[in-house]
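Every heavy atom of this structure was used, including side-chain atoms; hydrogens, water molecules and symmetry mates were not. Numbered from 1 within each chain, the chains take letters A, B, ... in sequence-line order.
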Amino acid sequence: MLATETVIFVSLCYIGLLFGIAYYGDKRADTGRSIISNPYIYALSLAVYCTAWTFYGSVGLAASAGPAFLTIFIGPTLMAALGWLVVKKIVRISKVHRITSIADFIGSRYGKSMTLGGVVTVIAVLGIIPYISLQLKAISSSFLLIKQYPSLAPLPSPGAIHLWNDTTFYVALLLALFAILFGTRNLEATERHEGLVAAIAFESIIKLVAFLVVGIFVTFFLFNGFSDIGRKAMASVELRRLLTLNSGTGTYASWLAHIFLSMMAIIFLPRQFQVMVVENVNEKHLNHAIWLFPLYLVAINIFVLPVAFAGLIFFGSKGFDADMFLLLLPMANQQIFLTLLVFIGGMSAATGMVIVETVALSTMICNDLIMPVLLRMHASKLAQREDLSSILLSIRRLSIIFVLLLGYAYFHFAGEYYTLVSIGLVSFTAVAQFAPAALIGIFWKGGTRTGALMGLLAGFFVWFYTLFLPSLAGAGLIPQDFLEHGPFGITFLKPFALFGLDAFDHITHAVFWSMTANLGFYIVGSLFSRPSALEHSQATMFVDVYRYIGRVHDSSIWRGTAYLPDLISMLQRFIGRKRAEAALDSYAMQYSINPNESLTRDPGLVNHIEKLLAGAIGSASARAMVASVVKEEPLGIDEVMEILNETRQAIVYSHELERTTAELRAANQRLQELDRMKDDFISTVSHELRTPLTAIRSLAEILHDYPDTPSNRQNEFTGIIIKETRRLTRLITQVLDFQKLESGRTEWNITSVDMKDVIEDAVSATRQLVDKQQIQMQVHLPEKSHPIQGDRDQLIRAMVNLISNAVKFCDPDRGWIVIQLSISDDRAVVSVTDNGIGISEADQKKIFNKFQQVINPTLGRPSGTGLGLSITRQIIQHHQGRLEVKSTRGKGATFNFFLPLSNFAKKE
Amino acid sequence: MTSSEIRGRRMVGLFLLGLLFFNFPILSLFDQATLIFGIPVFFLYLFSVWLLFVLLLFVISQSTPHTQYHEDRR
């Protein structure tokens, strides 16, 4: 016999223990030595996902539909893989913007919209109420069952019980009390609850242990292991059915739909958002939670099927509630200890969910529903109140009671209509409506407030129509006729077969239509509306959150005048004097402002204060609150111009960057070209040097080795040696000259020079060379002298180069060269024409480049360094002149150069 | 590319793999009422894939991908 007193006593001891842990956790947090700051506690706190639905309901579902119960856990496992991308980003955004709930998150993303935050809150509250009622049902059923121990009589229907005799009602009140004590215990209205998280993590351990222990008891003590249960199940026609999905029409569709729902639920259920995002201490904990949490899910599901089958085999068709098999099996086997353990485990699962969920919802109701309304109506009155945190706490406490009472009401009136599991799925479908606005919103800047609002409302309406209303109809609150024939007899609009779609089960049907409506309206609405400036900047800061790290404070699109003491006293009233001072001090430290100097009311500081407030009352309310104190002025023309100017400068800067990049690229190419040319040069020069050197060396060796060579031979050899050494000298001089010219180290000896003399000197210098080749050379010079300013020696060299170049390429048999000096208006024109092989057009462009040589197709590589013309051009250019070539291939070439006459000559 | 980005990509790959193995049509291959070692084959499959998935989550989340590019040296 198990006395009611014993059960209550054990329960109270357990609750007391939880309080102890929570108290310890909070105390440690105050001293800065957090106990929840490790990945294992974090992962365990995520397991608040596993509610009484998991604990009792999975067995019930497995006993009626086989493997389908697993979808609810496979979804979160899959989502864990995406957690790296999605959850990490959400956590980072929430930390940067001090987001406190999913309503705050969505509202903040779309321009700190109060309307959106409010809509999300309403959807969340309505969506979660069935889910809370489910927990109430689980706790009260298990309590009523265990009270009858060891008798196994079925329970009466809840609708039949009067309110004051209904255990569930008292359970609801008790849970409200727990939630208030856990979640709103402190006077400080902050959103982090370290003690609460510690207690939740502890509850996760308890429910897992309880399930595993009973699972082992059932599997290995009542039966002979997994295979025993498996074989017995195979033997029964009823149970064989449960081993498969019974693939019929839409089975896989609902499988996929359930996986999708649970994927969304793991992020967007208010309690999941609370523990995963708001209570996250360190982003790095995600690294471990990503695999620890799915592992927990695997562990808690291993014994679900064995227990379900064991229950079915054990109780046969005696009409027991399969949802309670986990409790009934130990009871039927007179295991007092195990029975109590299961009861406590189930209570852990249910209380954990209810506490966190109501705390999260109360934050949303307070920050996103009530505060905005209060602020709008009584902003000035509120601002004068001394202590606002007590108001916040009262609102939250009342919200918790309100939510739980709604949950109870739903349970009392409509809870019978759906089974445990489908009640949970109704809630999941509701929170899945947040997915488009939140998930797409953090990756796509184009989503606008209008789009998000339209999508949410459309999805919510479809959910309400296809799932929530039918549950009320099923409970008899509205006519049953509505379900069977549609509203006003329009069968086309039947809530379970909207537009005639009846291929799916109710949940899949609702998921399909609500997500279609939601996504469709979100995207269309976003594409056809224009975001405001604030929406635009919030969108950028959300999507590019990793890029704006540490720079969030400098939002330049703000202008206003504020009386600083007003701002600070407002902050103090909301978050307490001590915390406000600490926060402002750390702000001063961060931006290295001397704390003794008063903080200036720059936009950065106002922004910071708004963020601090957002942590307590949500971003939309914080914005409204700051706006009530700060006299925000519309942007003046000056500010607009300044912003435009900044933008323009940024654009100019980026253009400059582009240009510099292009220049650098060109320079780099040029360098590579030069490098290649240098290589060519070295190989040419060394080749040129080696030829005479080889000749000199071999002749010298002959002379050395054979002293008795005939003297005429000796003379011949030494003659060649002398000639070759001259050539070498010439070559080296040329290279050195060129080097000098290139580097600009040549000394120019500028005097008045007569071009006639220059040409005559050059001709006589090359006479020998020309005669040797038997080339006819004609020189046409004007009679009058024409002085120019220049370096005589260098000009002679230029002429010599041109003449010897002409000689080199002259017709070998009947060569001729014509040199002409003529004077036009203000310049002297010198031309050197030969009748050689000519230069092709392509080569004409290259011959003046250093080291470039025209390859003679018949003679092969020409002699010389390829520097001659380059040197010549350098000299001419130094005299402000121009050197050009006219030629046709095979018909000789004419080199012209133009030199400006000196001023003196022009005057003459 | 940072190591976090590399890990992110691997995770997305894993997610797609999971989506494949936890869904129609691969699922239908195992959807039959037979036992292997006394365990229903459908559940054996689901739990094996599930555990493997968690193992891969562990491996990827704890790996430290090399972020430096291998330079070609001539």
Side-chain angles (χ1 to χ4, degrees), chain A residues 62 66-67 70-71 73-75 77-86 88-89 224-234 237 239-247 251-253 255-256 259-260 263 286-299 301-302 304-306 309 546, chain B residues 1-67 71-72 74:
Chain A
L70 284 172
T71 49
F73 307 96
I74 289 173
T77 308
L78 287 174
M79 202 62 195
L82 285 189
W84 193 266
L85 215 68
V86 176
K88 208 169 143 206
K89 193 164 187 179
N224 290 319
F226 292 112
S227 48
D228 183 32
I229 298 181
R231 287 198 193 93
K232 282 186 175 139
M234 277 296 275
V237 185
L239 296 192
R240 266 180 75 145
R241 196 177 48 84
L242 299 175
L243 295 180
T244 65
L245 271 180
N246 304 308
S247 34
T251 315
Y252 288 109
W255 177 275
L256 185 61
I259 286 184
F260 168 76
M263 279 176 66
L286 267 175
N287 291 9
H288 288 280
I290 273 177
W291 62 272
L292 276 170
F293 174 57
L295 195 62
Y296 183 99
L297 294 182
V298 176
N301 275 294
I302 286 177
V304 170
L305 195 73
F309 282 180
Y546 296 117
Chain B
M1 200 157 55
T2 66
S3 60
S4 169
E5 278 171 332
I6 295 175
R7 226 176 286 170
R9 287 177 189 198
R10 290 181 184 169
M11 285 292 188
V12 173
L14 181 61
F15 168 74
L16 294 175
L17 207 66
L19 219 52
L20 176 72
F21 281 96
F22 278 127
N23 269 306
F24 184 80
I26 290 187
L27 220 52
S28 67
L29 300 179
F30 298 90
D31 191 18
Q32 42 194 275
T34 45
L35 300 180
I36 293 182
F37 308 122
I39 298 169
V41 66
F42 192 67
F43 286 86
L44 191 65
Y45 168 76
L46 278 180
F47 274 94
S48 314
V49 174
W50 200 353
L51 274 173
L52 193 69
F53 192 87
V54 174
L55 183 74
L56 288 174
L57 279 173
F58 171 74
V59 170
I60 296 177
S61 68
Q62 304 305 309
S63 66
T64 45
H66 293 287
T67 55
E71 284 181 20
D72 290 329
R74 267 186 287 176

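Among the candidates A:Pro67, A:Ala80, A:Pro306, A:Pro294, the residue making the largest number of heavy-atom pairs closer than 4.5 Å to chain B is A:Pro67. Most heavy-atom pairs under 4.5 Å with chain B: of the set A:Ile302, A:Asn301, A:Ile259, this distinction falls to A:Asn301. The residue among B:Phe53, B:Phe42, B:Phe47, B:Trp50 with the most heavy atom pairs within less than 4.5 Å of chain A is B:Trp50. No other option in A:Trp291, A:Phe226, A:Phe293 has as many heavy-atom pairs under 4.5 Å with chain B as A:Trp291. In terms of heavy-atom pairs under 4.5 angstrom with chain B, the leader among A:Asn287, A:Leu85, A:Leu82 is A:Leu82.
Within the 4.5 angstrom heavy-atom criterion, atoms from both the backbone and the side chain of A:Leu295 approach chain B. The part of A:Leu305 that comes within reach of chain B is its side chain, from C-beta onward, which places non-hydrogen atoms under 4.5 angstrom from that chain. Both the backbone and the side chain of B:Leu19 come within less than 4.5 Å of a heavy atom of chain A. Neither the backbone nor the side chain of A:Leu292 comes within contact range of chain B; no heavy atoms are under 4.5 Å apart. Proximity to chain A is limited to the side chain of B:Phe43, based on heavy atoms less than 4.5 angstrom apart.
Looking at residues two or more places apart in sequence or on another chain, you find a salt bridge (Lys or Arg N to Asp or Glu O under 4.0 Å) between A:Lys232 and A:Asp228.
Across every non-hydrogen atom of B:Phe15 and A:Leu78, the tightest pair is CD1-O, 3.4 Å. For the residue pair B:Leu57 and A:Ile290, the shortest heavy atom distance occurs at CD1-O, 3.5 Å.
Between the CE atom of B:Met11 and the NZ atom of A:Lys88 there is a distance of 10.0 Å, given to the nearest 0.5 Å. A distance of 5.0 Å separates CG in A:Leu256 from CG in B:Asn23, rounded to the nearest 0.5 Å.
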